Amino acid sequence: MVEFSSLDFPCCELGENARWNPVDGRFYFTDILHGTIYSADSSFRDVRTELETEYQTGAFLITKSGDILLLTEKGLVMAERSGRGFSLGSNLLSFEFEDGERFNDATADPEGRILAGIKKADNVDGRLVSIERDGSWRVLLDNLKISNGLGFSPDGSVFYHTDSGYKTIRAYRYDHATGSLYDGRIFFSAFPDDGEPDGLAIDRNGNVWTALWGAGMIYAISPDGTKIAEYKVNAGNVSSVAFGGVDMHTLIATSACCGLEVVGEGDGKCYYAQDNIFEGSFGYLV
């Protein structure tokens, strides 16, 4: 039986965006509302604050050199490795967001494009945008509620997108040459009444692993849309998942304190489990 352990530090108001950095062999995650990036080594004995910013950081991506590309309320900002930590550079690309609007989750495609969700505070009129390497961008999906977890199948041919508001994960055919989506379909929507799909990760077998906000759980879903496993986590609002470790047999999950009437001892913590059942993948770098 797989059991999840928790880190005592940090306790996040809105923990999110778990990622494995293969360049330095550490897990990274953020507290969106406080603009802070944390990391932990693969043994989870060394946990530290990597970067503190003045921005709400709705997502970040790891670059091929191990730097961090932040998707903030002001736009895209690079945090370059500087000694043991990171230092903020200038804005690479500005976005004119409305009040209460920000990025929410992101991924890279095989060609280095960035696909990023944009959500509003009232959770209507959300968007999914594609950002090219030259800084140009376009809307791929609109009329969303809460654009959330997203990722690619192992061969890059299928793109998965979560709308937490509609409690649905959809699958699309993906054109690498143009970065376009085709033939969208519902991949999975059989979530519990108290749970909304949030961040997701995809393993080397093509299974989709999604955090369930509100239900304190993680679901594993096969490529044909069948739930194949579920795991309980000692936090109400589980927000993101990622695979990592030297052998990719570690699964981590972030959680959040916000949105809870009563905050429990395990809420807002980062969780991890190590088992051969996890056959992870970390996706693409930018």
Side-chain angles (χ1 to χ4, degrees), residues 1-5 16-29 39-44 59-66 105-115 148-162 169-176 179 181 183 185-188 197-212 217-231 233 238-254 270-286:
M1 181 178 178
V2 175
E3 294 186 1
F4 283 81
S5 302
E16 261 284 12
N17 210 89
R19 299 216 179 273
W20 171 249
N21 186 338
V23 178
D24 63 8
R26 298 180 68 86
F27 288 100
Y28 284 71
F29 55 99
S39 79
D41 70 337
S42 58
S43 70
F44 299 97
F60 66 88
L61 297 169
I62 306 296
T63 74
K64 294 176 181 178
S65 59
D105 217 331
T107 194
D109 80 354
E111 309 302 321
R113 297 182 188 89
I114 297 169
L115 282 75
N148 221 317
L150 58 175
F152 288 92
S153 61
D155 66 0
S157 66
V158 180
F159 173 72
Y160 296 95
H161 176 265
T162 301
I169 301 175
R170 296 182 65 87
Y172 298 84
R173 286 197 305 115
Y174 190 77
D175 186 324
H176 291 204
L181 305 179
D183 299 335
R185 59 182 172 84
I186 294 177
F187 170 68
F188 193 86
D198 203 316
L200 63 77
I202 298 166
D203 68 22
R204 69 186 65 173
N205 298 313
N207 300 313
V208 176
W209 297 68
T210 182
L212 266 65
M217 301 181 72
I218 298 167
Y219 275 11
I221 307 161
S222 70
D224 67 3
T226 302
K227 187 181 77 170
I228 55 176
E230 63 179 54
Y231 299 93
V233 179
V238 187
S239 51
S240 72
V241 291
F243 293 101
V246 175
D247 52 12
M248 302 302 287
H249 290 327
T250 302
L251 179 66
I252 73 165
T254 58
C270 180
Y271 292 83
Y272 65 95
Q274 297 168 317
D275 196 284
N276 288 340
I277 194 173
F278 304 131
E279 298 184 81
S281 174
F282 59 78
Y284 303 105
L285 303 177
V286 292

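Here the structure is a predicted model, which means the values were calculated and not measured. Counting from 1, the numbers follow the sequence of the chain as shown.
Ring pair Trp209/Phe243 is perpendicular by interplanar angle, where above 60° counts as perpendicular and below 30° as parallel. Using bins of under 30°, 30° to 60° and over 60° for the plane-to-plane angle, the ring pair Tyr219/Phe188 lands in the perpendicular bin.
With salt bridges taken as basic N to acidic carboxylate O contacts below 4.0 Å, one links Arg173 and Asp183.
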Full working for side-chain contact (heavy atoms from CB on, under 4.5 Å) between Val238 and Leu212 = CA-CA 6 Å; Val238 187; Leu212 266 65; 5.8 Å; no
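At least one side-chain heavy atom of Arg204 sits less than 4.5 Å from a side-chain heavy atom of Met248. Taking 4.5 Å as the limit, some side-chain heavy atom of Ile218 sits within range of a side-chain heavy atom of Val233. Residues Ile277 and Val2 have side chains in contact (heavy-atom distance under 4.5 Å, counting atoms from C-beta outward). At least one side-chain heavy atom of Leu285 sits less than 4.5 Å from a side-chain heavy atom of Pro22. Residues Thr210 and Ile221 form a side-chain contact, since some pair of their non-hydrogen atoms from C-beta on lies under 4.5 Å apart. Residues Asn148 and Glu16 meet the side-chain proximity criterion, which asks for heavy atoms closer than 4.5 Å. Here the side chains of Phe29 and Thr254 are in contact, with some heavy-atom distance below 4.5 Å. Leu200 places none of its side-chain heavy atoms less than 4.5 Å from the side chain of Leu150.
Judged by distance alone, with hydrogens and angles left aside, the side-chain atoms of Asp203 form a donor-acceptor pair with the main-chain N or O of Asn207 at under 3.5 Å. Between the Arg113 side chain and the Thr107 main chain, no donor and acceptor come within less than 3.5 Å of each other. In this structure a side-chain-to-backbone donor-acceptor pair under 3.5 Å is missing from Asn17 to Ala59. Without hydrogens or angle criteria, Gln274 side chain to Gly245 main chain gives no donor-acceptor distance under 3.5 Å.
Between the side chains of Tyr174 and Asp109, at least one donor N or O sits under 3.5 Å from an acceptor N or O.
Once rounded to the nearest 0.5 Å, the distance linking CZ of Arg170 with CZ of Phe159 reads 12.0 Å. Between Ser240 atom OG and Asp198 atom CG the span is 7.5 Å, to the nearest 0.5 Å.
Pairing each heavy atom of Leu61 with each of Ala106, the nearest pair is CD2-O, 3.8 Å. Minimum heavy-atom separation, Gly149 to Asp105: CA-OD2, 3.4 Å. Nearest heavy atom pair, residue Arg19 against residue Ile62, reads CD-CG1, 4.4 Å. Between Pro110 and Gly156, the shortest heavy-atom contact is CG-CA, 4.5 Å. Of all non-hydrogen atoms in Phe27 and Asp41, the two that sit nearest each other are CD1-O, 4.4 Å. Between Phe278 and Ala273, the closest heavy-atom pair is CE1-O, 3.6 Å.
Shown are Tyr271, Tyr272, Phe4; of these, the ring pair (Phe, Tyr, Trp, His ring centres under 6.0 Å) with Phe44 is made only by Tyr272.
Looking at residues two or more places apart in sequence or on another chain, you find a side chain to side chain donor-acceptor pair (under 3.5 Å) between Tyr28 and Asp24. Take Asp247 and apply the side chain to side chain donor-acceptor pair (under 3.5 Å) test, not counting sequence neighbours, and it matches no residue.
Not less than 6.0 angstrom separates the ring centroid of Phe152 from the ring centroid of Tyr160.
Shown here is Lys64, whose NZ atom has no more than 12 heavy atoms of other residues, nucleotides or ligands within 6.0 Å.
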